[in-house]
Amino acid sequence: MKRNWLCGIDLGSHKISGVIGRVEGETLSLLGAASVEAAGISKGVVTHLSEVASGVKSVVEKLESQARLHLEGGLLAVNGLHLEGMDVY
């Protein structure tokens, strides 16, 4: 059976949160969840990239420790009125 690991991180103005899970067939197992107080983000806008990077790194380290694996990628959620979407083909 094929195993898929999923990691999602949400950058918020107040906290940076993350979850990691494993999908087997139609079952999702939560392996870890972590959050830290956000720094470097104001009203959804990154104001200090190094502070945000430090927060993301801290969340990733906590998730890796809980799940006992090394993350190589994940999904990142960012929200804000200043963002625009565009179709690329």
Could you list the residues that satisfy side chain to side chain contact (heavy atoms under 4.5 Å, CB included) with H14, not counting sequence neighbours? none

For a quick test of reading the model, state the closest non-hydrogen atom pair linking V59 to S17 and the distance between them. CG1-C, 4.2 Å

For residues 44-53, dump all side-chain donor-acceptor pairs below 3.5 Å to protein atoms at least two apart in sequence or in another chain.
| from | atom 1 | to | atom 2 | distance (Å) |
| --- | --- | --- | --- | --- |
| T47 | OG1 | G40 | O | 3.1 |
| E51 | OE1 | G40 | N | 3.1 |

For S29, all residues meeting side chain to side chain contact (heavy atoms under 4.5 Å, CB included), sequence neighbours excluded: R22, T27

Residues two or more places apart in sequence or in another chain: which of them pass side chain to side chain contact (heavy atoms under 4.5 Å, CB included) with S13? I41

Could you list the cluster mates of L30? Members are the ILVMFWY residues connected by side-chain heavy atoms closer than 4.5 Å, either directly or through other members. V19

Using a 3.5 Å cut-off and no angle test, enumerate the donor-acceptor pairs between side-chain atoms of residues 63-74 and protein atoms at least two apart in sequence or in another chain.
| from | atom 1 | to | atom 2 | distance (Å) |
| --- | --- | --- | --- | --- |
| E64 | OE2 | H70 | ND1 | 3.2 |
| E64 | OE2 | L71 | N | 2.9 |
| Q66 | OE1 | A33 | N | 2.8 |
| Q66 | NE2 | A33 | O | 3.2 |

